[in-house]
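First listed ligand is number 1; within each ligand, the first listed atom is number 1.
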Amino acid sequence: MSDSSCLFCKIAAGTIPADLVHADERLVAFHDIGPQAPVHVLVVPREHIASLEEASERHADLLGALLLVAREIAREQGLSERGYRTVINTGADGGQTVQHLHLHLLGGRALEWPPG
Ligand code: AMP
Ligand code: ZN
């Protein structure tokens with residue numbers, strides 16, 4: 001299922017260009033257009049799921065794959081040794097601006113904690 005008005009559905013379908021670093025039958029990953037770190041990649045399910053709040057038990061494998069693909073990309077991007085951060089912003093207070101579930105992979109510099 002995809003949503004024809006959704007930016008990340010369009011990127012997953014290839015109708016809006018993105019700088020892809022990964023694509024498989026369930027997930028795509030691409031460089032964030034406004035990077036917050038030297039490496040800032042978004043990992044996105046092809047299926048339109050509006051947020052983590054909308055995911056259900058049937059998405060358990062997909063959510064696991066989201067993390068494992070993020071780790072694979074972190075390794076490919078040379079982040080494994082020094083570390084990196086994976087983030088899913090959910091809803092207004094979580095800072096979610098694109099209403100299609102996505103995981104941020106951030107690395108290449110020391111990241112502060114706690115987030116603002
Ligand atoms: P969030 O605030 O967690 O919903 O994250 C949405 C992210 O999508 C932001 O980091 C944006 O910079 C990023 N973004 C928005 N439009 C695009 C685009 N066309 N290509 C790549 N990243 C995008
Ligand atoms: Zn979508």
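A 4.5 Å side-chain heavy-atom check between L103 and L67 finds at least one atom pair inside the cut-off. A heavy-atom distance below 4.5 Å is not found between the side chains of I16 and F8. The shortest distance between side-chain heavy atoms of H59 and E47 falls below 4.5 Å. In this structure the side chain of V39 reaches within 4.5 angstrom of the side chain of L79, judged on heavy atoms. Side-chain atoms of V87 and L106, non-hydrogen and from C-beta on, do get closer than 4.5 Å to each other.
By the side chain to side chain contact (heavy atoms under 4.5 Å, CB included) test, S4 pairs with no residue at all, sequence neighbours left out. R26 is linked by a side chain to side chain contact (heavy atoms under 4.5 Å, CB included) to D24, D61, L62, A65, counting only residues two or more places apart in sequence or in another chain.
Each of L7, I11, V28 was evaluated against V44; a single residue qualifies, V28, per the side chain to side chain contact (heavy atoms under 4.5 Å, CB included) test.
Within the protein, the N, O or S atoms lying under 2.8 Å from the Zn ion (ligand 2) are C6 SG, C9 SG, H48 ND1, H100 ND1.
Residues H104 and H40 bring a donor and an acceptor atom of their side chains to less than 3.5 Å of each other.
For ligand 1, the protein residues placed under 4.0 Å by at least one non-hydrogen atom are L7, F8, I11, F30, H31, D32, I33, G34, L42, N89, G95, Q96, T97, V98, H102, H104.
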